[in-house]
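In each ligand, atom 1 is the first atom listed, and ligand 1 is the first ligand listed. Along the sequence shown, residues are numbered consecutively beginning with 1.
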Amino acid sequence: MGEVVRYTYRLRPGATAQRALIAEWDRCRFLWNEAVHQQKLGGKPSFSKLSRLLTEARARNTWLRTGSQVAQQQMLRTYGQSLNHSFAVKGRGRPGYKARKTTKPSVEYTTRGFRLIDGRLALAKGVTIPVVWSRELPSLPTSVRIYRDNLGHWYASFVVRREIERVPEAAGAIGVDWGVATTATTTDPEFDLPYRGHRRRCVAEVAKAQRKMARRRRPKGKAQSKGYLLAKRQAAAIRKKAARQNLHEARVWARRVVDRHQLIAVEDFKPSVLSKTTMARKSADAAVGTAKRELVERGRRAGRKVVMVRPAYTTMTCSNCFARAKQQLELAERTFRCHACGHSDNRDRNAARVILAVAERGHTSVDDVRHVQPSSGSVAGAVRAGNPTASGNR
Ligand SMILES: [Zn+2]
């Protein structure tokens, strides 16, 4: 049993291997374009028609025969799938030609087309590529997709079967509030996820690269200069690096949180609502998005109870007595003070506690909790003890 997932690694192909990969891609692309051409002439080709296309093209064309049949088969299979998909979804355009200049190389091999030898990825004709094994493969892969990104980096994405991880039993409960200054503030400071400086530095670096781009930009219709393209690549590289660091930190953090808590109450933060403002804000939101996804996925996989709590009123409600403030707190105001019970707490910590209290009572929004209990200092104990009957009787 287990689950089927993708594990992706950076590749370090030498010049020869890169040439071989590009040539493989060219051949696959040729077949794809042939299939597109036939579709334009004679309607939707079936899978058997596509495999005939492959046999005939290889018989005719010695250049095609120098390439891997597995990769070419796979390319046409992908074409067939994307064509079927285009017919299934109304208003969807048919898959089009792949031009050399505008498409990024990507080839796929099934088990017959590749092997792993001494930590290297071995393809046909003695082409071997060093792999950066950033983590261990959980099992022998059944297929691999090799591709190059917009920065010119090569990757191998393996399809593997993975055992569903057994996570130790845990009894704890945690509430998580998302934010800009601190990515995740939780009910327990030990599990907070700080927003790291290197990302802030990255924002400054991206801004610098973008200013460079603006200076070097040529008017519409004219080809962009080398300097412009270089600055554009720099900006993309910095963003990518920050995203990778984000993901790594989010994974480590999510594992720590999930290992120790059975109930995980998460503010259901929707970034698109908040952030159309500054770049710093956007990157902080991206960090939240990554951390939230990692936490929720990992928590569910481990069989934890993950409760998504609507963000409305979480920062305006007292975690001690559930009284709601009359006004939204100013963003600069970092301390929550309750007018009803006098409780005072760090603003985000209070929100995390409200989120947890809502989930502990079996609800998903602050309003649901308020409907079953009046907001007075006397019910504080009921909320904290998670005892619904007590609050109902008051
Ligand atoms: Zn209060």
Side-chain angles (χ1 to χ4, degrees), residues 170-195 257 260-271 273-274 284-285 288 291-292 295-296 299 304-394:
I174 192 168
V176 182
D177 176 69
W178 307 111
V180 174
T182 305
T183 298
T185 304
T186 71
T187 39
D188 180 350
E190 197 197 317
F191 290 97
D192 286 358
L193 177 64
Y195 183 62
V257 172
R260 294 272 297 276
H261 303 92
Q262 177 56 36
L263 172 64
I264 300 167
V266 182
E267 179 194 7
D268 200 359
F269 168 90
K270 299 264 191 305
V273 188
L274 292 167
D285 281 356
V288 167
K292 183 184 163 199
L295 179 64
V296 170
R304 302 301 197 221
K305 187 172 179 192
V306 179
V307 180
M308 307 303 285
V309 175
R310 284 204 286 283
Y313 306 120
T314 51
T315 51
M316 295 169 69
T317 303
C318 172
S319 62
N320 188 45
C321 74
F322 252 69
R324 186 182 298 172
K326 297 214 167 41
Q327 282 171 336
Q328 188 85 39
L329 249 67
E330 295 285 332
L331 209 62
E333 181 56 59
R334 299 315 303 164
T335 307
F336 175 90
R337 283 189 188 82
C338 178
H339 61 88
C341 74
H343 172 74
S344 111
D345 202 348
N346 168 288
R347 171 208 177 97
D348 297 336
R349 190 86 54 214
N350 177 67
R353 294 201 168 111
V354 169
I355 288 161
L356 177 57
V358 166
E360 278 181 335
R361 317 213 67 212
H363 294 294
T364 55
S365 93
V366 176
D367 262 346
D368 293 344
V369 177
R370 285 173 62 87
H371 283 147
V372 295
Q373 64 176 45
S375 61
S376 95
S378 58
V379 297
V383 173
R384 296 192 66 80
N387 181 346
T389 54
S391 67
N393 292 338
R394 307 241 170 180

### Query
Does M308 offer a backbone N or O that forms a donor-acceptor pair with the side chain of T364 under 3.5 Å?
no
### Summary
Ignoring waters, protein N/O/S atoms under 2.8 Å from the Zn ion (ligand 1) are C318 SG, C321 SG, C338 SG, C341 SG
### Query
Can a salt bridge be assigned to the pair D268 and K292 using a cut-off of 4.0 Å between side-chain N and carboxylate O?
yes
### Task
Report the residues that fulfil salt bridge (charged side-chain N to carboxylate O under 4.0 Å, His left out) with R349, sequence neighbours left out, ordered by chain and then residue number.
D192
### Query
Distance-only, no hydrogens or angles: does the D345 side chain make a donor-acceptor pair with backbone N or O of F336 under 3.5 Å?
no
### Message
So, using side-chain contact (heavy atoms from CB on, under 4.5 Å) as the criterion, who are the partners of R260 when residues are at least two apart?
### Response
E190, F191
### Task
Please list, chain by chain and in numerical order, all residues satisfying side-chain contact (heavy atoms from CB on, under 4.5 Å) with A173, sequence neighbours excluded.
L263, L356, E360
